[in-house]
Amino acid sequence: MKPDINEDLIRKLERLAMISLAEDEREKLTADIRRILDFMQSLDEVDVEGIEEMVSPVSRPMETREEIPEHFFDTESIIKMFPDISKRYLRLPPIKGDE
Amino acid sequence: MFKTVIGLEIHAQLSTPTKAFCSCPADTFGDTENTAICPVCTGQPGTIPVLGEETVRLSVMSALALNCQVSEISCFDRKNYFYPDLPKGYQITQYFRPLARNGFIEVRVGNGRKSHIRINRIHIEEDAGKTIHEGASSISASGKQGGTLVDLNRCGIPLVEIVTEPDITSSREARLAMESIRDILRYIGVCTGDMEKGALRCDANISVINTRNGQSSNRVEVKNINSFRFVEKALDYEYKRITQAMKDGKEVVKETRTWDLASKTTITMRKKEEESDYRYFPEPDLPPLRITGSYLEEVKKMLPELPDEKIDRFMRDYALPEHDAVVLVSDKELSGFFEETVKVTQRPKEVSNWLTGDLLRILKERDMTVGQSELVPDHIVDLLRLLDSRTISISVAKEIFSECVRLGKMPSNIVEEKGLQQVDDEEEIESAIRQAMKDNPKAVDQYRAGKKAVLSYFIGAVMRRTKGRADPAVAGSVARRLLEDD
Ligand SMILES: [Zn+2]
């Protein structure tokens, strides 16, 4: 099944990625995405009947971390990167709160 | 006839020492904003998440306590969305292969009946930060007015999301199911269950079926319900709103709504068309999580007796009514106190009456827990002995009990100190009644004219004069004799 790469889809992806493209960029990207999907399509030709699904390309199992709480030594350098602050809050232009 | 179909999604904060994927402390409630942050949980380029072992253990415990099958392999995925409470631009969650599936809980709905509510899945995920929307009057360091403030202390704290099947059939049952899940998580020590502090949050899905024509409404999601009371209220409101629309032949829009405190109604958050598209994909920075059989066995051994089993045992072994058992078990400390006391007195129902009645009332008034009070099992043992020997009356016993809770004194000492021994000297009672008869001849006439209820006035007078030390039964019989004799 081949998805239809049309302008609506590109605009939706723009919205989700929170970027805005120029018209020529949009055209170039449409062509790119089509090419990539065409390539991926070739995977459909492989017969995977009876083959167990690969969960992850990483064969090492997860190694967990012992939980010893520790404050990061240099939180100030993170705060310094905030474009604007109020006390220690990261301050942003007003956002309509819905989440 | 309308039938309600409800499913719950519950987010529970795990009581771990650190955040899920970094070593920042997880218990940050009340801390100064942006003090528990590091390059990992603020999404700095080049950082790698490392899953904490307690996060795994507590989520596996939750899954076992909710009777789920824990997957041998589960995986982490990225849920992509842009919002300033999530600097990475995605939340790490388990979408395609959750930690556990196919569980259930038995919810007590009263009269000894239980509802079987299935659990669809449980998965691990990380919390987002906190945003505060400020009024235009506030001014930033750079002089700008109004704005949104972000605190990332919560960002990356481990949660389990528990998703039920739509097996719930009323708002009350939804509330009971939620309370029951909270009680279980508290009992096994994985979550404080504190809704006010955001340690437990709930979203609910509701749809209504018209049983006459089989027609079903669209599903409405009610988000961000932050108290048990509001679960019930929001769902009651939705039931009314949806059934009304169905009666009027209007379409029920598939949408997400939220409980609005001010208007006590639900209001639209977003309609279906605006529904986000999270573009989930496997988290490349975390390998699959493997839970071995031996690890499961190890965690199983750590599970304490669960509330439902304990309620059954209390009803069976102590012959308690369901209501007593439910109240005692709902507080782990209280149920422990109960068992300790009964070990000595072997009088479960009387002990339960003191604990579920007077004790809980006093604790509530003083906003205390059992452990914070001064009460010890020996106090109750002593108190029951004083009542048995008729040394004190029941009203004095209640007074003494309250002192035990507050000051931790032994009941027999309080009786000695204050001279609270029961007055069973009939002469003293008689003189109290004669005095009352003299003070209020009208009451005497009323009694003699056949108004027998006036007797309680004379008993009351005796209790007042003896400061509650008289046996009300003795006072009653003496009063009757005197009123009828003279
Ligand atoms: Zn961190």
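In the text below, chain A, chain B and the rest are named by the order of the sequence lines, each starting its count at 1.
Counting non-hydrogen atoms of other residues, nucleotides and ligands closer than 6.0 Å to CE of A:M40 gives a total of 12 or fewer. Atom CZ of B:R279 has more than 12 neighbouring heavy atoms from other residues, nucleotides or ligands inside a 6.0 Å radius.
Considering A:T75, A:I78, A:D74 in turn, A:I78 is the only one that fulfils the side chain to side chain contact (heavy atoms under 4.5 Å, CB included) rule with B:P39.
Contact annotation for A:I68: only backbone heavy atoms (N, CA, C, O) come within less than 4.5 Å of a heavy atom of chain B. Contact of A:E63 with chain B is made through the backbone alone, with heavy-atom distances under 4.5 Å. For B:P17, the parts sitting under 4.5 Å from any heavy atom of chain A are the backbone and the side chain alike. Within the 4.5 angstrom heavy-atom criterion, no atom of A:F73 approaches chain B. For A:R60, the part lying under 4.5 angstrom from a heavy atom of chain B is the backbone only. Interface residue B:V50: backbone and side-chain heavy atoms are both found under 4.5 Å from chain A. Looking at B:I37, the atoms closer than 4.5 Å to chain A (heavy atoms on both sides) sit in the backbone and in the side chain alike. Interface remark: B:T258 contributes no atoms to any contact with chain A (heavy atom separation under 4.5 Å).
No donor-acceptor distance shorter than 3.5 angstrom exists from the side chain of A:R88 to the backbone of B:D151, with no hydrogens or angles considered.
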Pair A:Y89, B:V150 - check side chain to side chain contact (heavy atoms under 4.5 Å, CB included), show working. CA-CA 5 Å; A:Y89 286 105; B:V150 186; 5.9 Å; no
Between B:R97 and A:V55, is a side chain to side chain contact (heavy atoms under 4.5 Å, CB included) present by the stated rule, with each step listed? CA-CA 9 Å; B:R97 288 171 175 263; A:V55 178; 3.6 Å; yes
Where do A:E67 and B:T18 land on the side chain to side chain donor-acceptor pair (under 3.5 Å) test, with the steps shown first? CA-CA 6 Å; A:E67 293 199 20; B:T18 74; 3.0 Å; yes
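Here the shortest heavy-atom pairing between B:P84 and A:L92 reads CB-CD1, 3.1 Å. Of all heavy-atom pairs spanning B:P25 and A:E70, the tightest one is CD-O, 3.7 Å. Scanning both residues, A:F72 and B:C38, for their nearest heavy atoms gives CB-CB, 3.6 Å. Of all non-hydrogen atoms in B:G52 and A:T64, the two that sit nearest each other are C-CB, 4.3 Å.
Residues in residues 29-42 of chain B take part in these side-chain hydrogen bond (donor to acceptor under 3.5 Å, both in side chains) pairs, two or more places apart or across chains: B:T42-B:Q44.
Atoms CZ and OG, on A:R65 and B:S23 in that order, are 4.5 Å from each other to the nearest 0.5 Å. Here CG of B:L289 is found 5.0 Å from CE of A:M62. Values are rounded to the nearest 0.5 Å. The distance from atom OH of B:Y81 to atom CE of A:M18, rounded to the nearest 0.5 Å, is 11.5 Å.
Most heavy-atom pairs under 4.5 Å with chain A: of the set B:A36, B:C22, B:A128, this distinction falls to B:C22.
Judged as a ring-ring contact (aromatic ring centres under 6.0 Å, His included), and not counting sequence neighbours, the contacts of B:F21 are B:F76.
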